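Reviewing the structure listed below.
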Amino acid sequence: MAPLHVIVIGSGVAGLSCARLLQEAGHRVEIWARERPPRTTSNVAAAFWYPYRVSPADRVHAWARASFAAFERLLPIAEAGILRREALELLAGPVEPSWAALLPKSRPARSDELPAGHRFGQIFESLVVETPRYIPWLCDAFLAAGGTLVERALGGIDEALAAADAVFLCAGLGARELAPDPSVSPVRGQILRVRNPGLDRVIVDEHGEGAITYVVPRAQDVILGGTSDEGDERLAADPAATAAILERCVALEPRLRDAPLLEVLVGLRPCRPTVRVEREERGGTPLIHNYGHGGAGITLSWGCAAEAVGLL
Ligand SMILES: Cc1cc2nc3c(=O)[nH]c(=O)nc-3n(C[C@H](O)[C@H](O)[C@H](O)COP(=O)(O)OP(=O)(O)OC[C@H]3O[C@@H](n4cnc5c(N)ncnc54)[C@H](O)[C@@H]3O)c2cc1C
């Protein structure tokens with residue numbers, strides 16, 4: 001295929017991953033984005049490999065598996081900020097999560113591996129992506145390969161379609177107005193960053209009362225979550241949620257009790273009934289959609305990007 005001039009809308013993980021794969025395929029790539037790293041939702045993500053709040057299951061599993069393999073290849077690059085971590089998912093009963101079969105080292109947890117009061121769990125090997133390091137690293141790699149990033153807020157995509165041979169729409173929640181796609185909606189997430197008291201195991205509990213609870217140890221800090229507030233677009237932190245998150249996480253991992261709180265972060269997950277990776281033509285120009293990744297945009301990033309670029 002002759003090299004094309006491609007405009008990617010969005011510089012979160014979806015846009016940057018597509019942009020890098022397009023560059024590798026020899027295309028000339030420009031990113032247009034209202035916010036650049038570190039001001040994207042992708043920078044806020046916890047972020048561990050875990051297919052959360054996203055569907056359809058069959059495509060999600062294929063994208064998640066492909067992304068896991070791609071992140072594993074990045075493990076030796078220290079600047080990329082990828083860590084291998086054992087993870088424990090707490091379960092309501094002795095039933096494996098649907099995605100457990102994707103991972104070779106997944107197994108039921110022994111009772112001595114479970115926090116007090118819990119009877120069932122799945123141990124698996126996950127990857128933690130330190131997004132404050134990974135997203136800037138990915139962006140730098142894009143720029144170093146000759147890409148340009150233009151900061152501009154778009155009111156529609158016609159201007160991009162007129163200026164390029166092909167356009168990739170990777171605008172996260174912004175796809176609601178740009179596609180336009182009313183099925184895209186925000187699910188607010190609040191997380192805490194505390195100093196790491198020496199933890200190295202991810203714990204996630206989707207089955208407790210209220211919101212999902214997770215403990216994600218990174219190199220220097222631990223991310224504690226979370227909340228899932230549908231349709232809520234408030235970016236201000238909620239002190240009551242902060243207290244509730246701390247309480248739930250300390251119950252799972254008592255060593256967090258005295259960990260100093262470093263920061264409270266809020267982001268809006270770009271949810272859609274199903275992820276949209278799809279091609280259409282507008283006025284003769286290919287428009288490739290890659291958005292609606294909900295709570296799993298990092299987990300699915302390389303798999304979705306590879307499929308989207310394949311559609312070109
Ligand atoms: C608290 C929290 C925890 C999370 N934890 C995890 C996790 O553990 N694992 C995981 O896989 N995922 C997690 N996620 C989900 C993940 O963050 C998202 O799925 C992912 O960041 C979406 O990436 P994106 O590139 O589609 O969108 P974004 O990162 O939001 O990027 C969108 C881009 O489009 C641009 N844009 C939007 N509108 C316009 C416009 N009109 N004009 C120009 N540019 C525009 C934006 O400026 C931005 O550059 C979490 C999310 C939150 C909030």
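Computed from a prediction, not measured in an experiment: that's the story for all the values here. Note that ligands are numbered from 1 as they come in the structure, with each ligand's atoms numbered from 1 the same way.
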With the side chain counted from C-beta on, respond yes when [X] and [Y] share a heavy-atom pair under 4.5 Å apart, and no when they do not.
X: Ile135; Y: Val129; result: no
X: Glu72; Y: Arg84; result: yes
X: His207; Y: Asp205; result: yes
X: Asp140; Y: Glu79; result: no
X: Val309; Y: Glu24; result: no

(request) Give the contacting part of Leu178 toward ligand 1: side chain, backbone, both or neither, where contact means a heavy-atom distance below 4.0 Å. (result)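 It is the side chain that touches ligand 1; the backbone stays farther off.
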
(request) Report the part of Tyr50 in contact with ligand 1, treating N, CA, C, O as backbone and CB onward as side chain, heavy atoms under 4.0 Å; options are side chain, backbone, both, neither. (result)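 Under 4.0 Å from ligand 1, Tyr50 contributes no heavy atoms.
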
In terms of atom number and element, which parts of ligand 1 are under 4.0 angstrom from non-hydrogen atoms of [X]?
X: Ile191; value: 1 (C)
X: Gly174; value: 37 (C), 38 (N)
X: Phe48; value: 7 (C), 8 (O), 9 (N)
X: Arg269; value: 51 (C), 52 (C), 53 (C)
X: Arg152; value: 42 (N), 43 (C)
X: Leu154; value: 40 (C), 41 (N), 42 (N), 43 (C)
X: Gly267; value: 53 (C)
X: Tyr214; value: 3 (C)

(message) Hydrogens and angles aside, do Ser185 and Glu230 bring a side-chain donor and acceptor to less than 3.5 Å of each other?
(response)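 No, Glu230 and Ser185 have no side-chain donor paired with an acceptor closer than 3.5 Å.
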
(request) Could you state whether Trp32 and Ile288 fall into the same hydrophobic cluster, counting links through intermediate Ile, Leu, Val, Met, Phe, Trp or Tyr residues with side-chain heavy atoms under 4.5 angstrom apart? (result)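 Different hydrophobic clusters.
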
Looking only at distances, can you tell me whether any N or O atom of [X], backbone or side chain, sits closer than 3.5 Å to an N or O atom of ligand 1?
X: Trp32; answer: no
X: Glu35; answer: yes
X: Gly189; answer: no
X: Ile9; answer: no
X: Ala14; answer: yes
X: Gln190; answer: no

(request) State plainly whether the residues Glu278 and Arg272 are in salt-bridge range, i.e. N to O under 4.0 Å. (result)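 Here Glu278 does not pair with Arg272 in a salt bridge, since their nearest N and O are not under 4.0 Å apart.
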
What protein heavy atom sits nearest [atom], and how far off is it?
atom: atom 19 (O) of ligand 1; result: Gly294 O, 2.7 Å
atom: atom 22 (C) of ligand 1; result: Pro270 CG, 3.8 Å
atom: atom 17 (O) of ligand 1; result: Ala45 CB, 3.3 Å
atom: atom 5 (N) of ligand 1; result: Ala46 N, 3.2 Å
atom: atom 13 (C) of ligand 1; result: Gly295 O, 3.3 Å
atom: atom 28 (P) of ligand 1; result: Ser42 OG, 3.8 Å
atom: atom 44 (N) of ligand 1; result: Arg34 N, 2.9 Å
atom: atom 33 (C) of ligand 1; result: Gly10 CA, 3.5 Å

(message) For Gly226, state whether at least one heavy atom is located under 4.0 Å from any atom of ligand 1.
(response)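 No, Gly226 has no heavy atom closer than 4.0 Å to ligand 1.
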
(request) Decide whether the shortest distance between a heavy atom of Leu173 and an atom of ligand 1 is less than 4.0 Å. (result)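 For ligand 1, residue contact (heavy atoms, under 4.0 Å) with Leu173 is absent.
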
(request) Would you tell me which option among Ala47, Gly172, Gly12 has the nearest heavy-atom contact to atom 26 (O) of ligand 1? (result)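 When every heavy atom of Ala47, Gly172, Gly12 is considered, Gly172 comes closest to atom 26 (O) of ligand 1.
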
(request) Out of Ala171, Gly225, Ser228, indicate the one that has the non-hydrogen atom closest to atom 34 (O) of ligand 1. (result)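 The residue whose heavy atom sits nearest atom 34 (O) of ligand 1 is Ala171.
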
(message) According to salt bridge (charged side-chain N to carboxylate O under 4.0 Å, His left out), who are the partners of Arg234, at least two apart in sequence or on a separate chain?
(response)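 With neighbours one apart ignored, the set is Asp232.
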
(message) Check the orientation of Tyr50 and Phe48. Use parallel for under 30°, tilted for 30 to 60°, and perpendicular for over 60°.
(response)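 Judged by the thresholds at 30° and 60°, the geometry between Tyr50 and Phe48 is parallel.
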
(message) Using 0.5 Å steps for rounding, measure from the CD1 atom of Ile157 to the NE2 atom of His289.
(response)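 Ile157 atom CD1 to His289 atom NE2 measures 6.5 Å (nearest 0.5 Å).
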
(request) Quick one: pull up CG in Leu265 and CD1 in Ile191 and give me the separation to the nearest 0.5 Å. (result)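 Rounded to the nearest 0.5 Å, the CG-CD1 separation comes out at 5.0 Å.
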
(request) Using side-chain contact (heavy atoms from CB on, under 4.5 Å) as the criterion, point out the one residue from His293, Glu307, Arg59 that pairs with Val275. (result)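 The side-chain contact (heavy atoms from CB on, under 4.5 Å) with Val275 is passed solely by His293 among His293, Glu307, Arg59.
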
(message) Please check: side-chain N/O of Thr274 versus main-chain N/O of Ser55, any donor-acceptor pairing under 3.5 Å?
(response)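 Judged by distance alone, no pair lies under 3.5 Å.
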
(message) For a quick test of reading the model, state the closest non-hydrogen atom pair linking Thr131 to Pro136 and the distance between them.
(response)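 Closest pair (atom of Thr131, atom of Pro136, distance): O-CD, 3.5 Å.
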
(request) Show your working on side chain to side chain donor-acceptor pair (under 3.5 Å) between Arg188 and Gln190 and close with a plain yes or no. (result) CA-CA 7 Å; Arg188 181 181 176 281; Gln190 180 165 321; 3.0 Å; yes

